[in-house]
Amino acid sequence: MPVYRPDNSVTLPLLEREPELAAAANAVDALCGNKRSGGLLVYRGAAGLGKTALLSEVRRLADGRCAVWSARGGETVTSVPFHVVRQLLQPALTDAEPASGPAGGPTDARELLGDRYEIVGPALGIAPPGEQHADPQGVRDGLDALVERLAAVHGPLVLLVDDAQWADLETLAWLASFAERPAGGLPVLIVVAYRTEEAIGETEWFLQKIGVAARLLVTLSELTSDATAELARAALGEHADDPFCREVWAVTGGNAYETVELLAKVRDTGLEPVERFAGELRALGASARGTGLIARLEELGTPTTRFAWAAAVLGTDISLDLAITLSGMSQHDASACAERLRAARILVGTDPLEFVHPLIAGAVYRAIPPGVRTAMHGLAAWAVSRSGRGSAAAAPHLLEVHPDGDPELVEQLREAAAEHLAVGAPDAARRCLERALAEPPLESVRPQVRYELGCATLLTSPATTVGHLRAALDTAQLDEGLRVDVVFRLAQALTHNNQTGDAAHVVATEVARTEEGPARMRLQGAHFLWEGVQAIEEDGPERSRRLARLADGLTGRDNTERVLLMLRAFDATARGESAEENVQIGERALIEGRLAPGVGWADTAWGFEPPALLGLSYAFADRLDRAESLFQEGLRAFEISGWSGGHLAFAHALVGYGHRRRGRLADAEAYLRESLRLADRVGNGLPMHWDAACMLIDTLLARGHVDKALEAAERHAFAPPYSSSIVIPDAPSVRGRLLLALGRTKEAVAELEAAGQALTARGRHNTVMAPWACDLARAVADDDPRRAAHLASYARDRAERFGTHTAIGVALCCAASLKEGTEKTELLAQAVAHLEASPSAYELAVARVEYGIAAGFPAELACGLELAESCGADGLAERARGAMDARPAPR
């Protein structure tokens, strides 16, 4: 089986790779056959063992049967985000006449990407970056969707990635996540090759993940002496004798690349392949690698060496015009140098140029004297910027320049970081900004760089963000206007890192030092926000009184006032104050019923928390139409913005909870499970996990799926210690309900008692948001009926103060559960009446079933059964059917 060698070189068989080749042939057959089954192959090993040759063979097997696109990492461009994925997929998006697959369909980039064009286009280099920070997960999801679309348009795809040890981290992160998709789910075969000895750090971690998902993971070994002899005779003729062939093997150590190079030199020099000339092989072999290669390069002359250095500094896909600028020679002289390097089997191609093998590129790059190499990177950065490619393209070179207090370099790195953030590469942005700090920047600029560094990691690493923003806050030169932004972002990052108490403290400290005015007002809003969403606070009632006084005269004339009104509406909801009045407060935060610009879901000035809290206020006020509209708006906003991480997870949780409040339990479960799936991609134990897990467990208990609720609780560690942020619905209340359903009554009572003490001490009495009192009343009814009655009375009183039909109906059901006879049926009849006027179908189904059983009304019981079935409340439906079956048959 042949392997292609460029430029006057010999075509040799690919030996001792039979299992790998068979697996590749089977994979291509499965891809192009009737099943259209994709997969993943990974070839790894030391440099020069034939990984590239195997990829070439996969290409040969696939050519003419399906679309084949390839890419290669480069040692000097590992810091360029999406560099490899651009090589891989750009041809499908930029060809003037792209191939049309059997399915037909659009081939224009905008059509292929659809709504994701603005999200994925910048990462692929086919659209200008936007102003917002792109969510890396959103970009990865967009790349997934693009590959699916390309497979639909072009038919089966083969994607080849060589030298993945030098691929950028953004590409590797996408490949790792794409590899975890169900095997064979798409007609896409990915083949990855990398050097094991040079895969380190995060690169190694990603490549290991890719390897775990592969259908074939092969670590290549050196050629045996027999295979080396066979190669020698294929290249030089059957007259190559055994001693000569053994010496070829001894010189090369069975390294396939070095063997092929050595045999090519033997052929070029006309050396006879017999024992008496075997002693000359070591000198010939040395010229193919290391110092021998560099000596051979220097023999081509100083200008040619300088041109090779320029090519090595530029890396892969070497632009001829940049190489000319960097080498400082005319186009005529540069072309002559390039031709000499091609003849010496060092370079290949014309424009762009490439090194024949990465081993050659690495050897040439490392041979450049360090001082000269640094200077050339500086010149390369200037040339790239001057060519109009932008600061982001120049960044790999800027990162290699020695720190020298250059303000212009700092600005270039900041510009590059901004572009990296806009394409969804926060790690690349972080590297640029950390390098800018090392320059160092001017004292007046340093706080801004630290702030930008913090913002760069907000979506991906709240803990890292906290460190950078604390450092920015401690900087003496921090401008007062910027200081407010730093404090707000720091508090936001602390909350996302499950440090809500610290967030509230940071803002409180800043409020105390800030004079009256818009900045202090905004900080007060932030303080009320983070205090209000922390699970534990020292004096909740006093905070609520301060917030009520501040919000009382606000009309919503600016965004700070609107946020304060949203916070006041939620706080009053949690306290169980009049739902109708809470809605009126919330309405003052809107403009003609809509969120104002600047306080929307995807706006970064205030974050997504205020509109989420407003939506929850509407939900608990039985204004589910308003709540669902807000939650769907949030979901759309995050999808449009490409925010596929924690933001989208939280939006799914809110939409799911809207379904839960409606009684659409199966739909609620689907959204909440999707929320947790999305949250799992971000990290573990974050506030978004707590909300989604709590809502899911509450929903599963309503469905009567107790075992599944327990499974969800165990999987997501839904147990003390709880999140530092509040959880909706109240987490200890839901855990107490789960323990009751499991028959662990004593534990449930302790959990519910603790929940009640914490909530009432804080002044929070919403019996729907935190249903501890009703569940505790039922739990202690047999042992302490007087206490149960007191708890039911408390729940009813608070429900009536809140004033929603849902709250009152649920409280009446609780009271009825402690009664018998006529009193019980009358309370249940009242509960049904209230719940019929509410949007809460599941709670109504519960009341109807209980009323039908208590009153002995078959029609009411049948109505409750039908409603329970439509809600997906399987446990309740089973109870209703059991009650119907237990009734004596009519005579």
### Query
Taking only residues two or more places apart in sequence or in another chain, which ones pass salt bridge (Lys or Arg N to Asp or Glu O under 4.0 Å) with D163?
R72
### Task
Could you name each residue pair satisfying ring pair (Phe, Tyr, Trp, His ring centres under 6.0 Å) that touches residues 379-429, not counting sequence neighbours?
H377-H397
### Query
For the atom pair OG (S177) and CD1 (I210), what is the distance rounded to the nearest 0.5 Å?
9.0 Å
### Query
side-chain contact (heavy atoms from CB on, under 4.5 Å) with E415: which residues, sequence neighbours excluded?
S391
### E434 bridged to R431 by N-O distance under 4.0 Å
no
### Query
Tell me, do N255 and L49 make a side-chain contact under 4.5 Å, heavy atoms counted?
yes
### Query
Can you name the residues that form a side-chain hydrogen bond (donor to acceptor under 3.5 Å, both in side chains) with R522, not counting sequence neighbours?
D485
#### Entry: Under the salt bridge (Lys or Arg N to Asp or Glu O under 4.0 Å) test, residues paired with E639 that sit two or more places apart
none
### Task
Mind jotting down which residue pairs meet the ring pair (Phe, Tyr, Trp, His ring centres under 6.0 Å) criterion with at least one end in residues 295-338? Sequence neighbours excluded, please.
none
### Message
Show every salt bridge (charged side-chain N to carboxylate O under 4.0 Å, His left out) that has at least one partner inside residues 370-385, sequence neighbours left out.
### Response
none
### Message
Does D351 have more than 12 heavy atoms from other residues, nucleotides or ligands lying within 6.0 Å of its CG?
### Response
yes
### Message
V80: which residues meet the side-chain contact (heavy atoms from CB on, under 4.5 Å) condition with it, sequence neighbours left out?
### Response
V77, H83, P396
### Task
Determine the minimum heavy-atom distance between A214 and V42, stating which atoms define it.
CB-CG2, 3.7 Å
#### Entry: Shortest non-hydrogen contact from G424 toward V139
CA-CG2, 4.2 Å
### Query
Excluding sequence neighbours, so at least two apart, what forms side-chain hydrogen bond (donor to acceptor under 3.5 Å, both in side chains) with S70?
R59
### Message
Looking at R296 and E299, is there a salt bridge between them, counting it only when a charged N and a carboxylate O are closer than 4.0 Å?
### Response
no
#### Entry: Separation of L359 CG from E75 CD (nearest 0.5 Å)
10.0 Å
### Summary
Distance col, row Q165:CD vs F206:CZ, nearest 0.5 angstrom, shows 16.0 Å
### Task
Go through L399 and L413 one step at a time and tell me if the side-chain contact (heavy atoms from CB on, under 4.5 Å) criterion holds.
CA-CA 8 Å; L399 292 172; L413 287 166; 4.3 Å; yes
### Task
Could you walk me through whether T304 and R340 pass side-chain hydrogen bond (donor to acceptor under 3.5 Å, both in side chains), step by step?
CA-CA 7 Å; T304 304; R340 284 192 286 274; 2.9 Å; yes
### Task
For the pair R389 and D321, find out whether any cationic side-chain nitrogen is under 4.0 Å from an anionic carboxylate oxygen.
yes
### Query
Is E180 salt-bridged to R681, going by a charged N under 4.0 Å from an acidic O?
no
### All ring-ring contact (aromatic ring centres under 6.0 Å, His included) counterparts of F638, not counting sequence neighbours
W643, H647
### Query
How long is the gap from OG on S56 to CG on D162, to the nearest 0.5 Å?
8.0 Å
### Query
So Q499 and D502, side-chain hydrogen bond (donor to acceptor under 3.5 Å, both in side chains) or not? Walk me through it.
CA-CA 5 Å; Q499 296 173 264; D502 291 342; 3.2 Å; yes
### Summary
Of all heavy-atom pairs linking T76 and A312, the shortest is CG2-O, 3.5 Å
### Query
Going by the salt bridge (charged side-chain N to carboxylate O under 4.0 Å, His left out) test, which pairs reach into residues 463-479, not counting sequence neighbours?
none
### Query
Which heavy atom of A363 sits nearest a heavy atom of I294, and at what distance?
O-CD1, 3.6 Å
### Task
Evaluate the side-chain contact (heavy atoms from CB on, under 4.5 Å) criterion for residues L146 and L150: first the C-alpha distance (whole Å), next the side-chain angles of each, then the deciding distance (0.1 Å), finally the verdict.
CA-CA 6 Å; L146 172 61; L150 290 172; 3.9 Å; yes
### Message
Any non-hydrogen side-chain atom of W69 less than 4.5 Å from a side-chain atom of L160?
### Response
no
### Summary
Residues at least two apart in sequence or cross-chain that pass side-chain contact (heavy atoms from CB on, under 4.5 Å) with P303, listed by chain then number, are M329, C337
